[in-house]
Amino acid sequence: MSSNTAPDALPNDTATPAREAARPGLDFIRARIREDNASGRFGGQVHTRFPPEPNGYLHLGHAKSICLNFGVAREFSGLCNLRFDDTNPVKEESEYVESIREDVRWLGGEWQNREFYASDYFEKLYQYAEQLIRMGKAYVDDLTADEIREYRGTLTQAGRESPYRNRSVEENLDLFRRMRAGEFPDGARVLRAKIDMASPNLVMRDPTLYRIRHAEHHRTGNAWCIYPMYDYTHCLSDSLEGITHSLCTLEFVNNRELYDWVLNALGLYHPQQIEFARLNLTYTVLSKRKLIQLVREGHVTGWDDPRMPTLSGLRRRGVPPEALREFCARVGLARVNSTVEYSMLEFCIREYLNAHAPRVMAVLDPIKVVIENYPEHQVEEFEMPYHPEDASHGSRKAPFSRELYIERDDFRLEPPKKFHRLSPGAEVRLRYAYFITCREAVLDEAGNVLELRCVYDPQSRGGQSPDGRKVKGTIHWVSAAHAIPAEVRLYDQLFAVENPNAVPEGKTFLDYLNPDSLRVVQGLLEPALAESKPGDRVQFERLGYFCKDKDSTPGRPVFNRTATLRDTWAKLEKKGA
RNA sequence: UGGGAUGUAGCCAAGUGGUAAGGCAACGGGUUUUGGCUCCGUCAUUCGAAGGUUCGAACCCUUCCAUCCCAGCCA
């Protein structure tokens with residue numbers, strides 16, 4: 001069994017000629033980069049960055065950005081930096097830095113030694129701020145936060161200039177230095193850019209550049225008590241790192257004007273910011289605020305709960321990084337806000353796992369089968385391929401004996417039309433083993449099926465039809481005496497509605513949690529699974545794809561359901577009902 | 001009511017003046033020792049709407065409509 005835990009390099013699965021042929025047209029970002037390369041705008045260089053704030057775990061939305069930034073760099077023979085945007089000490093923690101590193105690496109992002117932190121630039125950023133002050137383009141403002149809001153004006157009304165706006169350079173410099181020196185309490189003053197209080201773009205109405213925060217920073221400790229704001233930090237960080245294309249999401253379109261303003265004011269190297277639409281998925285929430293709430297309030301077991309859309313959750317669920325990359329490639333890139341259907345992700349997961357996951361047998365809702373004409377103490381071993389279409393996966397042996405377990409759902413006392421499985425008098429194939437015919441169902445007083453009495457056809461060894469007779473149904477099974485008990489966690493959507501973000505007045509997204517998002521069952525596995533390791537991904541034949549969980553103990557394996565198989569019978573039956 | 005961004009099928013998404021790619025979903029069928037995979041077929045006379053320019057418009061022009069973003073000392 002392969003452990004299939006090692007991710008391939010990022011672009012290998014998106015750059016095959018066949019794929020490219022199937023995907024005509026570059027997305028608008030790659031098209032622009034190609035134009036820039038053609039015109040020599042950045043000397044033909046491509047240098048991107050993935051800039052997460054270490055205040056939470058990475059999720060599917062970040063996957064899109066990671067695939068884009070690292071993918072673009074790779075495709076254009078450029079580089080992509082990993083940069084932690086850590087300018088707000090009260091929200092950021094080292095725990096998140098660790099998880100982000102792990103997740104980016106898992107997804108296939110390679111940043112070599114280019115791991116940067118906005119906090120690395122604090123001193124430079126400070127010097128640039130003094131420079132802006134000396135140029136008369138920044139000033140220290142004593143207004144309170146509330147006053148600044150009032151002075152800002154509204155969407156339709158221009159703002160008013162702060163009474164402190166025209167302090168002298170000397171006074172500003174002195175005040176800013178004293179801010180840095182810790183002479184003032186939190187909120188007492190801020191440094192603002194002097195731009196235009198009447199700008200129709202609110203971002204440009206003298207944006208705050210620095211605020212006072214007497215707080216310990218996860219990297220700089222207590223070295224600073226003033227911290228730069230995002231808009232000021234991001235463009236300078238990009239510039240300092242020689243980024244060519246600064247890719248971000250659509251909500252930053254308004255901020256681009258300020259991005260450009262800062263760099264122009266300082267006369268620095270100027271990367272190009274380009275915005276794209278963020279990813280939304282049906283039946284899930286992808287906002288940090290909501291994800292953190294799910295974790296903190298205990299609606300899930302943690303950031304890596306397999307129902308979480310976090311990369312660590314998806315990984316634990318058994319989703320391969322290759323599937324995520326394929327998903328991001330299929331979703332495409334545009335400037336329209338969009339919500340992708342979960343079925344698209346599910347398709348990518350199944351597509352990869354179908355090709356790569358070894359097949360094994362497991363019974364999750366057992367019903368005992370006794371084969372009356374099979375010798376009492378006989379045990380046979382059947383050789384079974386791990387993959388029906390790909391012999392390179394090899395095979396294993398599975399024991400067969402008189403007493404077996406099959407899936408309760410594979411038997412019906414009164415079979416509906418087109419039911420190809422077991423029922424009284426019906427014959428079915430036990431996968432890779434024998435044909436059996438059900439003679440009798442033993443029931444309890446309540447009418448529950450306790451056990452099935454069957455007979456087998458010795459001529460059908462291996463599941464072959466001895467005389468060419470057709471047996472439509474093939475079901476999976478495990479040998480009762482040899483099966484390994486296991487805990488199996490059946491996961492479903494975390495939310496019961498398509499869009500948990502849009503809920504009626506008075507409700508919150510938490511009111512739409514799916515009460516059946518996790519069902520734990522005790523299953524029985526074929527013995528070959530004894531050798532599996534946490535992280536191994538397999539297909540339980542006819543049931544779905546499963547991944548061995550880290551909660552497994554030597555005597556007690558735990559498997560998470562990654563995805564079910566498509567089930568056209570369930571669909572058919574539903575229609576009939 | 002200011003500014004910005006965006007409207008192509010149920011969901012993504014190509015298309016950039018020459019007569020609507022592709023994928024997901026859905027539906028019908030073939031195949032099948034997984035009711036899986038796979039294969040074949042169906043699925044936009046029309047591109048947010050209305051006018052206009054043109055031999056010709058999803059693409060150009062005008063007006064309108066809808067959705068999203070911005071009033072953090074968050075990112």
Side-chain angles (χ1 to χ4, degrees), chain A residues 21-27 51-53 55 85 87-88 90-91 141 143-145 148-150 152-159 186-192 199-205 207-213 226-227 229-231 233-234 248-257 275 277 279 282 288-289 329-348 350-351 354-355 359 361 388-389 418-421 429-433 435 460 462-465 471-476 539-544 564-573:
Chain A
R23 292 199 186 102
L26 296 171
D27 58 68
E53 180 188 13
N55 69 342
D85 214 340
T87 59
N88 188 352
V90 303
K91 283 192 178 178
D141 196 350
L143 254 27
T144 66
I148 285 182
R149 190 178 317 118
E150 277 179 47
R152 185 154 30 228
T154 69
L155 295 177
T156 53
Q157 273 174 272
D186 287 5
R189 299 177 215 266
V190 292
L191 182 75
R192 291 230 254 169
S199 172
N201 181 358
L202 302 226
V203 170
M204 299 299 279
R205 318 245 261 229
T208 302
L209 267 22
Y210 272 87
R211 75 286 216 188
I212 300 172
R213 283 263 188 292
I226 55 172
Y227 291 93
M229 299 287 290
Y230 164 84
D231 285 305
T233 308
H234 204 88
C248 63
T249 47
L250 239 33
E251 63 270 28
F252 292 101
V253 171
N254 293 325
N255 301 250
R256 188 175 63 230
E257 194 177 352
E275 312 84 13
L279 177 66
T282 57
K288 273 192 192 169
R289 201 208 97 229
R330 278 181 193 257
V331 157
L333 208 56
R335 285 171 71 86
V336 206
N337 279 306
S338 59
T339 302
V340 176
E341 288 178 350
Y342 189 85
S343 61
M344 181 96 90
L345 208 211
E346 204 168 36
F347 174 86
C348 296
R350 289 181 180 140
E351 181 186 47
N354 175 54
R359 270 58 168 174
M361 292 200 286
E389 281 106 30
K418 292 187 181 169
F419 186 78
H420 299 148
R421 284 113 93 150
R429 173 188 291 113
L430 292 178
R431 175 141 244 226
Y432 299 129
F435 288 179
S460 62
Q464 307 287 340
S465 181
V471 173
K472 275 229 158 179
T474 299
I475 65 174
H476 56 97
Q539 181 193 108
F540 288 170
E541 291 220 30
R542 302 209 306 131
L543 295 175
T564 62
L565 256 30
R566 282 181 61 204
D567 191 349
T568 47
W569 164 246
K571 201 185 279 181
L572 233 185
E573 197 179 25

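Proteins come first, then strands; the chains are lettered A, B, ... in the order of their sequence lines, and each starts at number 1.
B:rA75 has no base stacking with the ring of A:His234 when judged by centroids under 5.5 angstrom apart and an interplanar angle below 30°.
Base engagement by A:Thr144 is indicated by at least one non-hydrogen atom pair under 4.0 Å involving a base atom. Among the atoms of the strands shown, only primed sugar atoms or phosphate atoms (P, OP1, OP2) are found under 4.0 Å from some heavy atom of A:Arg566. Within 4.0 Å (heavy atoms only), A:Phe419 reaches at least one base atom of the nucleic acid. Using a 4.0 Å heavy-atom distance criterion, A:Pro52 is classed as making no nucleic acid contact. In this structure, A:Leu191 reaches neither bases nor backbone, as no heavy-atom distance under 4.0 Å exists between it and the strands shown. Across all strands shown, A:Glu389 has heavy atoms under 4.0 Å from base atoms, whether or not it also approaches the sugar-phosphate. Residue contacts for A:Asn88: at a heavy-atom cut-off of 4.0 Å it reaches the sugar-phosphate backbone alone, with no base atom in range. A:Arg189 comes within contact range of no nucleotide atom at all, as no heavy-atom separation falls under 4.0 Å.
Between the side chain of A:Gln539 and the base of B:rG36, no donor-acceptor pair of N or O atoms lies under 3.5 Å. For B:rG72, the base has no donor-acceptor partner in the side chain of A:Arg211 [N/O atoms by modelled type, under 3.5 angstrom]. Between the side chain of A:Glu257 and the base of B:rG3, no donor-acceptor pair under 3.5 Å is found. Donor-acceptor pairing under 3.5 Å, judged by distance alone, is absent between the side chain of A:Asp567 and the base of B:rG36.
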